[in-house]
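If you read the sequence from its start, that first residue is 1, and numbering goes on from there. Given the structure is predicted, the values throughout are model-derived calculations rather than measurements.
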Amino acid sequence: MKMKSAQNNIFVFGADQFNLAQMQALDSAANYRFHELFSFRQVKSGLEFPVKALYEGALEQLKRFPGSVDAIVGYWDFPVSIMLPLLRKPYGLASPSYEAVLKCEHKYWCRLEQKKIVPEYIPDFCAVNPFADEPGQSITVAYPFWIKPVKAASSHLGFKVRNDAELKQAIQTIRRKIFRFANPFNYMLQFARLPDEVANVDGNYCIVESIISRGRQCTLEGYVYQGEVTVYGVVDSIREGQHRCSFARYQYPSMIPQRIQQEMTAVTRHFLEYIDFDNGPFNIEYYWEHHQHAEDKIWLLEINTRISKSHCPLFRDVDGATHQKVMLELALGQKPDFPYRQGNYKVAAKFMWRIYKDAYVRHVPTANDLSVLKRQFPEADIQLHIHSGMYLSELKDQDSYSYEIAVIFLGGNTQKELLQKYRDVQQAMRIELEPVDRQISN
């Protein structure tokens, strides 16, 4: 029999130092003892996600642990988010069901469920097999549209397609690279009983959707506890670049009108109750099209069955705690108690520094340079994704139109102040890139 300790033993699946440090800074962290259940590098950095080894290895590590297993958490997308319900089940831990999570993780299944209950909020869509002899013949959505795998992350292999030539080019790239998510996703599908209309649409398939990205984008962060849906924050997603599909920054709190946020919350509640999603966090992305002389339109983009780690410092700066607090309390079977507007700033953002052509990295700030920057900008958290001597095209899991070279978290009291701080930090980092004549190929 495993012994219960004075502190709750919390296993972090895919642990990394940046997020562990934020959890350890929570006021409630004195009650927790964190354990690494594989590192981020072991989970996410390989050519393919080793899901079988991760699943079986995690079960074995948990089984060998001499103390009580009080919670298992994760803040990454695939394969972490999809595996959590399976790891929690043997210990009777609070968790959404595997089926409810999979209904959100499988983009095509998710749209089928949404069509049954909130059809007016979703685009036209269809499934397509990119390996068919003539994939275009099965597409029922008119140009222009988006095509993307039924399972991916960070807009990986997502393409805006306007004609037959662009479809052919997108299909060629998808065929070459879809295996990174498709093979491990197909392994995970064996743990669920799939309905007939989904059973043949595995990780090698794509979903095609009509364009809904014309308006302003935002994300609702929330949770379900014992059947009750709560939204505690709305974050704006500001996009830039080709097709305005690359994220420039996430900014909190949202500037979208309250009446629109309330309608989005009602749609969210309706759908999550319908699929029996319970006892877990979520974030759900929407577009809002404002029309001067017609009715506004709200579109549901996608649902993630986890908190957004990208939003954690934003909630800390504005509300006074990272929303990992919500994730941890839910995983322990507790109703979250989250602060409101108790942070040091009125507005906060995650800036994603993007480059839109391949380049050779000549110079990046050293660890010492970053320490100096931290003294100059104490409120800034900087994550550098590149190193000297590499090409940007070596970065993994990028969107189809840009390279993310760094992430910078900042807080301020106005948006104007926030944007100026970002420009100042960019200039102080003195990153040197030498353009090369290559097309982006993710």
Side-chain angles (χ1 to χ4, degrees), residues 41 43-54 76-79 82 105-109 125-141 143-189 200-209 211 213 241-243 245-247 302 354-361 385-386 390-405 435-442:
R41 184 173 295 275
V43 171
K44 298 279 279 185
S45 64
L47 186 63
E48 193 172 301
F49 304 111
V51 285
K52 186 174 189 291
L54 290 171
W76 297 102
D77 46 39
F78 187 84
I82 197 171
E105 296 268 346
H106 190 303
K107 293 182 188 298
Y108 181 66
W109 194 2
F125 68 96
C126 67
V128 60
N129 178 3
F131 296 98
D133 291 338
E134 296 290 342
Q137 291 184 359
S138 64
I139 295 175
T140 57
V141 179
Y143 292 126
F145 55 68
W146 280 96
I147 184 170
K148 51 192 173 183
V150 298
K151 182 71 259 171
S154 303
S155 302
H156 182 59
L157 295 180
F159 296 95
K160 187 176 184 179
V161 174
R162 293 167 293 191
N163 51 52
D164 290 348
E166 289 184 354
L167 176 61
K168 183 178 180 181
Q169 187 176 11
I171 290 291
Q172 287 174 346
T173 304
I174 288 167
R175 284 175 173 174
R176 198 167 66 248
K177 300 192 174 185
I178 198 172
F179 75 91
R180 175 162 166 78
F181 284 86
N183 293 346
F185 187 57
N186 289 343
Y187 173 82
M188 298 306 301
L189 290 178
N200 293 324
V201 182
D202 65 9
N204 291 301
Y205 269 69
C206 290
I207 185 170
V208 167
E209 299 184 348
I211 306 294
S213 54
Q242 188 176 1
H243 309 309
C245 67
S246 298
F247 291 115
E302 68 177 28
R354 294 188 181 278
I355 303 295
Y356 291 88
K357 289 186 177 179
D358 197 7
Y360 177 75
V361 182
H385 299 335
I386 55 176
M390 73 177 291
Y391 289 94
L392 299 187
S393 51
E394 297 172 36
L395 290 165
K396 282 191 174 69
D397 298 338
Q398 302 296 297
D399 71 29
S400 299
Y401 301 101
S402 71
Y403 302 107
E404 183 183 280
I405 66 169
V436 295
D437 189 21
R438 294 186 189 179
Q439 293 293 317
I440 287 183
S441 177
N442 294 322

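- Atom-to-atom distance recorded for N183:CG and K52:NZ is 14.5 Å, nearest 0.5 angstrom.
- Using a 4.5 Å heavy-atom threshold, the side chains of F131 and N204 count as touching.
- The shortest heavy-atom contact between I178 and G203 is CD1-O, 3.6 Å.
- For an aromatic pair to be called close, the ring centres must be under 6.0 Å apart, and F49 with F181 satisfies this.
- A pairwise comparison of heavy atoms in V141 and F145 identifies O-CD2, 3.6 Å as the closest pair.
- Contact record, L167 with V161: N-CG1, 3.5 Å, taken as the closest heavy-atom pair.
- N129 contributes atom CG, which lies 8.5 Å from atom CZ of R175 (distance to the nearest 0.5 angstrom).
- In this structure, R354 pairs ionically with E404, as a charged nitrogen and a carboxylate oxygen lie closer than 4.0 Å.
- Here the CD atom belonging to E134 is positioned 11.0 Å from the CD1 atom belonging to I139, to the nearest 0.5 angstrom.
- Taking CD1 of I82 as the start and CE of M188 as the end, the distance is 5.0 Å to the nearest 0.5 Å.
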Walk me through it: do K357 and L392 pass the test side-chain contact (heavy atoms from CB on, under 4.5 Å)?
-> CA-CA 8 Å; K357 289 186 177 179; L392 299 187; over 6 Å; no

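- The shortest non-hydrogen separation linking P135 to P130 is CG-O, 3.7 Å.
- With values rounded to the nearest 0.5 angstrom, Y360 atom OH is found 11.5 Å from I386 atom CD1.
- Side chains of F179 and E48 form a contact here, defined as non-hydrogen atoms less than 4.5 Å apart.
- Using the six-membered ring where Trp is involved, Y401 and W146 have ring planes that are perpendicular, over 60° apart on the 30 and 60° scheme.
- Scanning both residues, D202 and V150, for their nearest heavy atoms gives O-CG2, 3.3 Å.
- Here the NE2-NZ distance, from H156 to K151, works out to 12.5 Å after rounding to the nearest 0.5 Å.
- Within the 3.5 Å criterion, the main-chain N or O of S393 finds a donor-acceptor partner in the side chain of D358.
- A salt bridge links D77 to K44: one of the charged nitrogens lies within less than 4.0 Å of a carboxylate oxygen.
- H385 and L395 get closest at one heavy-atom pair: O-CD2, 3.3 Å.
- No hydrogens or angles considered: a donor-acceptor pair under 3.5 Å links the side chains of D164 and Y143.
- The number of heavy-atom neighbours closer than 6.0 Å to CD of Q169, taken from other residues, nucleotides and ligands shown, is 12 or below.
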Could you walk me through whether C206 and I171 pass the side-chain contact (heavy atoms from CB on, under 4.5 Å) test, one step at a time?
-> CA-CA 10 Å; C206 290; I171 290 291; 5.9 Å; no

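- Applying the 6.0 Å contact sphere to CZ of R41 captures no more than 12 heavy atoms from other residues, nucleotides or ligands.
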Could you walk me through whether K107 and E209 pass the side-chain contact (heavy atoms from CB on, under 4.5 Å) check?
-> CA-CA 11 Å; K107 293 182 188 298; E209 299 184 348; 5.6 Å; no

Step by step, work out the side-chain contact (heavy atoms from CB on, under 4.5 Å) result for F78 and F185.
-> CA-CA 8 Å; F78 187 84; F185 187 57; 3.8 Å; yes

